[in-house]
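What you see below is based on every heavy atom in this structure, not just the backbone, and it leaves out hydrogens, waters and symmetry mates. Note that the structure is a prediction, hence the values are computed from the model and not measured.
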Amino acid sequence: MKVKRSERLIDITHYLIEHPHTLIPLTLFANRYESAKSSISEDLTIVKETFAKRGIGFLETLPGAAGGVKYIPKMKEEDVEEFIRKLCEELNHSRRLLPGGYVYLSDMLGDPKWLRQIGRVIASKYMDKEVDSVMTVATKGVPIAQSVASYLNVPFVIVRRDSKVTEGSTVSINYVSGSSSDRVEKMELSRRSLDMGSKVVIVDDFLKGGGTVNGMISLIEEFDSEVVGATVIAENIFNGERSVKDYTSLLKVEKANAQDRTIEVSPGNFSIS
């Protein structure tokens, strides 16, 4: 049955957003709406212009018989900067100050509104790169990794510090925590979670000494895989040399004093360019 253009535009938009980074042949839409490819091309032009204008993302079109259209939900640099500014405003409150200079984030990571945006911002940095998987460590990093992975349309894997019988055989490594105590700890990953030779993005909520991120890098190497990049929501104050240097952060805790309840959070070194 023929479908009106207004209905087609709504359905095409929904389909594209639900299938990011997926090459969709024009014949799929043509058959779906019983419309000519020329009409579908006109519809996609409207969607493409609107997406770009509204900052929803970009449409890539590939010509030829094997071509089609692909939705890339990458944000604009100015929109990323605006979101990070709002994030700073939200976190620059003494009520969010925790012992050790940490910032309370759990409520935001449980709020779909904030979590979706955080995931999309981080994912925007890696949309032009080849990524096979997103990695994090249990438990606070799990919602972040899930959100980032949904925008990159790849699986996410969870590194654990204790064994789970449901994980099957695992690969484990020892790593130095990177904190002031420099404890030696263990982390492990199920052998079935990550394919050998994968390209991996690491995400986490906080970075202090960098031990946890460095541990995940070592674990990725055990799978003969490659680290595409590492991004955390916030880097904390740390008096010393971090065990990892190649990372990006959305935010940076410049000052945190538990005694007088003062905190200062500023934008980190994150950029999607």
Side-chain angles (χ1 to χ4, degrees), residues 1-84 112-113 115-135 144-156 195 197-203 225-229 231 248 250 270-273:
M1 187 178 75
K2 281 274 188 179
V3 179
K4 294 179 181 178
R5 165 163 283 182
S6 57
E7 295 178 25
R8 289 203 310 263
L9 287 171
I10 293 171
D11 195 60
I12 287 173
T13 299
H14 178 264
Y15 193 94
L16 291 169
I17 290 175
E18 288 293 305
H19 299 82
H21 300 279
T22 303
L23 183 61
I24 303 167
L26 266 60
T27 50
L28 185 148
F29 291 132
N31 294 334
R32 187 180 179 97
Y33 313 123
E34 296 184 9
S35 301
K37 284 187 180 181
S38 57
S39 298
I40 299 301
S41 295
E42 292 173 2
D43 294 343
L44 289 171
T45 298
I46 295 172
V47 174
K48 182 177 183 177
E49 292 174 352
T50 304
F51 275 20
K53 184 177 180 181
R54 299 293 181 183
I56 299 171
F58 306 92
L59 288 191
E60 291 183 357
T61 53
L62 284 77
V69 63
K70 185 185 295 186
Y71 168 55
I72 310 296
K74 184 173 183 177
M75 296 176 69
K76 297 178 180 177
E77 186 74 58
E78 57 265 33
D79 292 337
V80 169
E81 293 174 356
E82 175 64 15
F83 174 75
I84 292 177
K113 178 188 69 175
L115 186 59
R116 280 196 300 266
Q117 283 291 86
I118 289 171
R120 190 179 173 207
V121 164
I122 296 175
S124 291
K125 183 173 184 63
Y126 301 104
M127 285 185 186
D128 299 329
K129 300 179 181 179
E130 185 180 348
V131 178
D132 298 311
S133 188
V134 176
M135 175 181 285
I144 307 167
Q146 184 176 19
S147 183
V148 173
S150 69
Y151 283 104
L152 292 175
N153 199 24
V154 298
F156 71 96
D195 292 332
S198 295
K199 298 183 185 299
V200 186
V201 168
I202 295 172
V203 299
S225 295
E226 176 186 339
V227 179
V228 178
T231 299
T248 57
L250 272 62
F270 184 84
S271 171
I272 62 172
S273 58

Could you check if a side-chain atom of [X] sits within less than 4.5 angstrom of a side-chain atom of [Y], using non-hydrogen atoms only?
{"X": "V131", "Y": "K199", "value": "no"}
{"X": "L16", "Y": "V47", "value": "yes"}
{"X": "D128", "Y": "K74", "value": "yes"}
{"X": "V3", "Y": "S35", "value": "no"}

Report yes or no: does [X] contribute a side-chain atom to a donor-acceptor pair with the main-chain N or O of [Y] at less than 3.5 Å?
{"X": "S225", "Y": "S198", "answer": "yes"}
{"X": "R120", "Y": "Y151", "answer": "no"}
{"X": "S271", "Y": "S273", "answer": "yes"}

Enter the distance from [X]:[atom1] to [Y]:[atom2] here, rounded to the nearest 0.5 Å.
{"X": "I24", "Y": "R32", "atom1": "CD1", "atom2": "CZ", "answer": "9.5 Å"}
{"X": "E82", "Y": "M75", "atom1": "CD", "atom2": "CE", "answer": "9.5 Å"}
{"X": "R5", "Y": "E42", "atom1": "CZ", "atom2": "CD", "answer": "5.0 Å"}
{"X": "I56", "Y": "I17", "atom1": "CD1", "atom2": "CD1", "answer": "6.0 Å"}
{"X": "R8", "Y": "L44", "atom1": "CZ", "atom2": "CG", "answer": "10.0 Å"}
{"X": "I118", "Y": "S147", "atom1": "CD1", "atom2": "OG", "answer": "8.0 Å"}

Original post:
Any chance CG of N31 has more than 12 other-residue heavy atoms, nucleotides or ligands included, within less than 6.0 Å?
Top reply: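 It does: N31 CG has more than 12 such atoms within range.
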**OP:** Could you tell me whether K37 atom NZ has more than 12 heavy atoms of other residues or ligands within 6.0 Å of it?
**Re:**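 For K37, atom NZ is not crowded (no more than 12 foreign heavy atoms under 6.0 Å).
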Original post:
What pairs of residues pass the side-chain hydrogen bond (donor to acceptor under 3.5 Å, both in side chains) test when at least one of them lies in residues 20-29, not counting sequence neighbours?
Top reply: T22-N153
**OP:** Can you tell me which residue pairs pass the side-chain hydrogen bond (donor to acceptor under 3.5 Å, both in side chains) test with a partner in residues 46-68, sequence neighbours excluded?
**Re:**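 Output for this query is empty, none listed.
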Original post:
Going through the distances and angles, do V148 and F156 end up as a side chain to side chain contact (heavy atoms under 4.5 Å, CB included)?
Top reply: CA-CA 9 Å; V148 173; F156 71 96; over 6 Å; no
Original post:
Who pairs with K125 by salt bridge (Lys or Arg N to Asp or Glu O under 4.0 Å), at least two apart in sequence or on another chain?
Top reply: none
**OP:** Please list, chain by chain and in numerical order, all residues satisfying salt bridge (Lys or Arg N to Asp or Glu O under 4.0 Å) with R116, sequence neighbours excluded.
**Re:**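 With neighbours one apart ignored, the set is empty.
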**OP:** Quick one: do Y126 and V134 satisfy side chain to side chain contact (heavy atoms under 4.5 Å, CB included)? Show the steps, please.
**Re:** CA-CA 11 Å; Y126 301 104; V134 176; over 6 Å; no
Taking all non-hydrogen atoms of both residues into account, name the closest pair between [X] and [Y] and its distance.
{"X": "P20", "Y": "S150", "value": "CG-O, 3.7 Å"}
{"X": "L26", "Y": "S41", "value": "CD2-OG, 3.4 Å"}
{"X": "P73", "Y": "S124", "value": "O-OG, 4.1 Å"}

Original post:
F51: what forms a ring pair (Phe, Tyr, Trp, His ring centres under 6.0 Å) with it, not counting sequence neighbours?
Top reply: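 By the ring pair (Phe, Tyr, Trp, His ring centres under 6.0 Å) rule, F51 matches Y71.
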Subject >> Residues that Y15 engages under ring pair (Phe, Tyr, Trp, His ring centres under 6.0 Å), provided they are two or more places apart >> reply: H19, F29
**OP:** Kindly indicate, with the supporting measurements, whether the criterion side chain to side chain donor-acceptor pair (under 3.5 Å) is fulfilled by D43 and Y33.
**Re:** CA-CA 12 Å; D43 294 343; Y33 313 123; over 6 Å; no
Original post:
Is there a side chain to side chain contact (heavy atoms under 4.5 Å, CB included) between L250 and I122 once you walk through the steps?
Top reply: CA-CA 8 Å; L250 272 62; I122 296 175; 3.8 Å; yes
